[in-house]
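Chain letters run A, B, ... following the sequence lines, proteins first and then strands; every chain starts at 1.
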Amino acid sequence: MQYELIRKVLERRDWGGAARVAGWVRTRRDSKGGFSFLELNDGSCLANLQVVAETALANYQTEVLKLFPGSSVAVEGVLAPSPGAGQLLELRATSVTVFGFCEPTAYPLQKGRVSFEVLREIGHLRPRTNTFGAMSRIRNTLAMATHSFFQEHDFLYVHTPIITGNDCEGAGAMFQVTTLDVGNPPRRPDGAVDYAADFFGRRVNLTVSGQLNGETHACALGRIYTFGPTFRAENSNTRRHLAEFWMIEPEIAFADLADDAALAEAFLRHLFQQLLARCRSDLEFFQKQLDPALIGRLETLAVAPFLRMSYTEAVAALRSSGQTFEFPVQWGCDLQAEHEKYLTEVLAKGPVIVTDYPREIKAFYMRQNADGRTVAAMDVLLPEVGEIIGGSQREDRLDVLEARMRGCGLNPELYSWYLDLRRFGSVPHAGFGLGFERLVQFCTGLANIRDVIPFPRTPGNAAF
RNA sequence: UCCGGCGUAGCUCAGCGGUAGAGUAGGUGGCUGUUAACCACUUGGUCGUAGGUUCGAAUCCUACCGCCGGAGCCA
């Protein structure tokens, strides 16, 4: 690499040593004392490098004075301690080479604050801001920490399909994938679209969950996880939903719900620890800008156990809370956002793992408990963000699962491969799905999920 | 999809029936080892779109579009 990262340069103290960097100008301040200051950022860290460019440079008048925010340059120079406040060192330029100028009247990222709403309209430029730089580094660290956690615990990374024929997974509306001419598709004699003529010879969609596929590998290889894109065609317009998001789905064999909850907690704890160790200055930035309690909360969660309660206990706690809710709490009803908010933000003041939900409000594949009315399900709830993990022990008894599917109006014949896992050497197993963007939200304090993914996909919006 | 709020200069916003404003960014000049630099002057707008009410609409009404917040769906 021809250029040294600014993050590395900022750690140096060898005054007089040479350095060569490249990056984008954040601001320029001119001094008639015979030089200009350039704040240079290359994305390697939050901090900028202060470059001192003297009028003696051959291109000072012709080029340096035309470096507005957004311009790209390479700078060669000599490291020196900085006499000014605000930075320890500076690079005294011996040459400034311009890659590209940046027209200030046209470039939307000038020095002042730009709102998140405006930044969403310039998704191709917002990675150049402090906020998106910090978010991107945190997102990267959380992704790598995900792999390190599972790899260190002997999980296999399994790639489940993006295109799926599982047309009744029940996790939400799906995007259809087809090569047929949608304006004039082939039709069967009865007028219905003839999907036998489609690319896969059947109707297929983008996946809403890798879980069913993941179970096949857990029930062969023991411990697996997936980490990939997931798609929901719901018309959701909230700060917590995306049509395309990334989900982490571990699946473990020979495990029950308690093992599943313990895994979720250990995983989250590892993520928080890694983040605190590796992204300190980015976290400090978000703490200063968005949430004064951010780092303290992560530090607590990196060591403290999460509060656990059964759904039945949660309902009892809500009913005796003295709070008036818009939706009255009753055993059997799903917990509303206001209820989850009370549990996490008032009762626990932190994450809560709620287990053993009523069978009727949960998915068909969740294992039925001995009480006959609940299933071995769990949700991990976070303050502000809401549900970040949904998981369960899977129903491993063939007859019980088939009966449950019929009860849900599903045709077991369409799931024969899934039922084979129970037919041939069935084992107790469990798993969960973690919404990666909601995790990034929680770890940055960014209120809107559209600001924690590079290119958000939401109803009516797929620009860039 | 439902409920509510908001669309005015590149950006952040004020104006809420009577000739379109401020800060900031940009330009010019001054000053300065500066750092949200500072001081003076200055460029910049079909007030989201289309109708309507009115002598007169950025301002009131209607519809549509977009954005934001809440709800539902969930991760």
message: Quick check: on RNA chain B, is the nucleotide nearest A:I389 upstream (toward 5') of the one nearest A:P459, or the reverse? Name the residue that is more 5'.
response: A:P459

query: Roughly, in whole Å, what's the span from CG in A:L88 to C1' in B:rU35?
result: 14 Å

field: Gap in Å between the two P atoms, one belonging to B:rG17 and one to B:rA58, rounded
entry: 13 Å

query: Does CD belonging to A:E103 count more than 12 external heavy atoms closer than 6.0 Å?
result: yes

statement: Separation of B:rG70 atom C1' from A:K341 atom NZ, nearest Å, is 10 Å

message: Side chain of A:N448 only, heavy atoms from C-beta on: which candidate in B:rC68, B:rG70, B:rC11 is closest?
response: B:rC68

- line: Per atom distances to the A:Q50 side chain, the nearest of B:rC68, B:rA75, B:rG33 is B:rG33

field: A:E338 CD - B:rA71 P separation (whole Å)
entry: 9 Å

- request: Please give the nucleotide sitting opposite B:rC16 as a Watson-Crick or G-U wobble pair, both distances under 3.5 Å, or none.
  value: none

Below 3.5 Å is the cut-off: list the nitrogen or oxygen pairs between protein and nucleotides 2-7 of chain B, distance only.
none

message: In this structure, how many angstroms lie between the P atom of B:rC67 and the CG atom of A:N461, rounded?
response: 6 Å

message: Within the 4.0 Å limit for protein heavy atoms, which parts of nucleotides 38-50 of chain B are touched? Write it as a string from 5' to 3', B for base, S for sugar-phosphate only, - for none.
response: -------------

Nearest-nucleotide pick for A:T238, side chain only, options being B:rU35, B:rA71, B:rU34: B:rA71

- request: Answer yes if the ring centres of A:F35 and A:Y60 are under 6.0 angstrom apart, and no otherwise.
  value: no

- prompt: Is A:R297 positioned over the aromatic face of A:F442, cation under 6.0 angstrom from the ring centre and no more than 45 degrees off axis?
  reply: yes

field: From B:rG33, B:rA75, B:rG72, nucleotide with atom closest to A:M247 side chain
entry: B:rA75

query: What does B:rU59 pair with, Watson-Crick or G-U, if both distances are under 3.5 Å?
result: none

message: Would you say the ring centers of A:F327 and A:H339 fall short of 6.0 Å from each other?
response: no

- request: Go through the N and O atoms of the side chain of A:R120 and the base of B:rC68, and report whether any donor-acceptor pair is under 3.5 Å.
  value: no

- request: Round to the nearest Å and state the distance from A:L446 atom CG to B:rC68 atom C1'.
  value: 16 Å

message: Once you apply a heavy-atom cut-off of 4.0 Å, does A:A337 come out as touching a base, just sugar-phosphate, or nothing?
response: sugar-phosphate

field: Listed nucleotide nearest any side-chain atom of A:R438, set B:rA71, B:rC74, B:rG33
entry: B:rC74

query: Can a donor-acceptor pair under 3.5 Å be found between the side-chain atoms of A:Q87 and the base atoms of B:rU34?
result: yes

A:D451 bridged to A:R126 by N-O distance under 4.0 Å: yes

- line: Side-chain atoms of A:R92 come closest, of B:rC74, B:rG26, B:rG33, to B:rG33

field: Minimum-distance nucleotide (side-chain atoms of A:S31 versus B:rC67, B:rG33, B:rG72)
entry: B:rG33

- prompt: Base, sugar-phosphate, or nothing for A:T230, non-hydrogen atoms under 4.0 angstrom?
  reply: nothing

A:N369 and A:T374 side chains, donor-acceptor separation under 3.5 Å: yes

query: Between A:S148 and A:H270, is any side-chain donor less than 3.5 angstrom from a side-chain acceptor?
result: yes

query: Within the structure shown, what part of the strands sits under 4.0 Å from A:S236 by heavy-atom distance: base, sugar-phosphate, or nothing?
result: base

- prompt: Between residues 121-140 of chain A and RNA chain B, which residues have a heavy-atom gap below 4.0 Å?
  reply: none

Spacing of A:E340 atom CD relative to B:rA75 atom C1', expressed in whole Å: 11 Å

Residues A:E437, A:R240; criterion salt bridge (Lys or Arg N to Asp or Glu O under 4.0 Å); working and verdict: CA-CA 9 Å; A:E437 282 74 22; A:R240 306 187 302 280; over 6 Å; no

- prompt: How is A:G84 classified with respect to the nucleic acid when contacts are heavy atoms under 4.0 Å: base, sugar-phosphate, or nothing?
  reply: base

query: Among B:rG33, B:rA71, B:rU1, which is the nearest nucleotide to the side chain of A:F327?
result: B:rA71

query: Across the strands shown, which category fits A:V118 at heavy-atom distances under 4.0 angstrom: base, sugar-phosphate, nothing?
result: sugar-phosphate

message: Side chains of A:Y365 and A:Q211: any donor to acceptor distance under 3.5 Å?
response: yes

- prompt: In terms of the nearest nucleotide of RNA chain B, which residue is placed more toward the 5' end: A:Y107 or A:R239?
  reply: A:Y107

message: Distance alone, cut at 3.5 Å: any donor-acceptor contact between the side chains of A:E215 and A:H429?
response: yes

message: Need one value for A:P83: base, sugar-phosphate or nothing, where a base atom within 4.0 Å counts as base even if backbone is also close, heavy atoms only.
response: base

Side-chain H-bond candidate by donor/acceptor type, A:T141 with A:Q274, under 3.5 Å: no

message: How long is the straight-line distance from OG1 of A:T146 back to CG of A:L268, given to the nearest 0.5 Å?
response: 9.0 Å

- prompt: A:F245 CZ to B:rC74 P: how many Å, rounded?
  reply: 12 Å

query: If you check the A:R29 side chain, which of B:rU35, B:rA75, B:rC11 turns out closest?
result: B:rU35

message: Between A:E54 and A:R92 (salt bridge meaning N to carboxylate O under 4.0 Å), is one present in this structure?
response: no

message: Determine whether the aromatic ring of A:F436 stacks with the base of B:rA75, defined as ring centroids separated by less than 5.5 Å and ring planes inclined by less than 30°.
response: no

statement: With the side chain defined as heavy atoms from C-beta on, A:R240 is closest, among B:rA75, B:rG69, B:rA71, to B:rA71

- prompt: Can you tell me the Watson-Crick or wobble partner of B:rG7, both distances under 3.5 angstrom?
  reply: B:rC65

message: Tell me whether A:K362 is salt-bridged to A:D379, with the criterion being a basic N under 4.0 Å from an acidic carboxylate O.
response: yes

field: Stepwise ring-ring contact (aromatic ring centres under 6.0 Å, His included) test for A:F267 and A:Y225
entry: CA-CA 12 Å; A:F267 173 46; A:Y225 69 106; 8.5 Å; no

task: Would you mind pulling out the nucleotide paired to B:rG26, Watson-Crick or G-U wobble, both distances under 3.5 Å?
output: B:rU42

query: What integer distance in Å separates A:D30:CG from B:rU35:P?
result: 12 Å

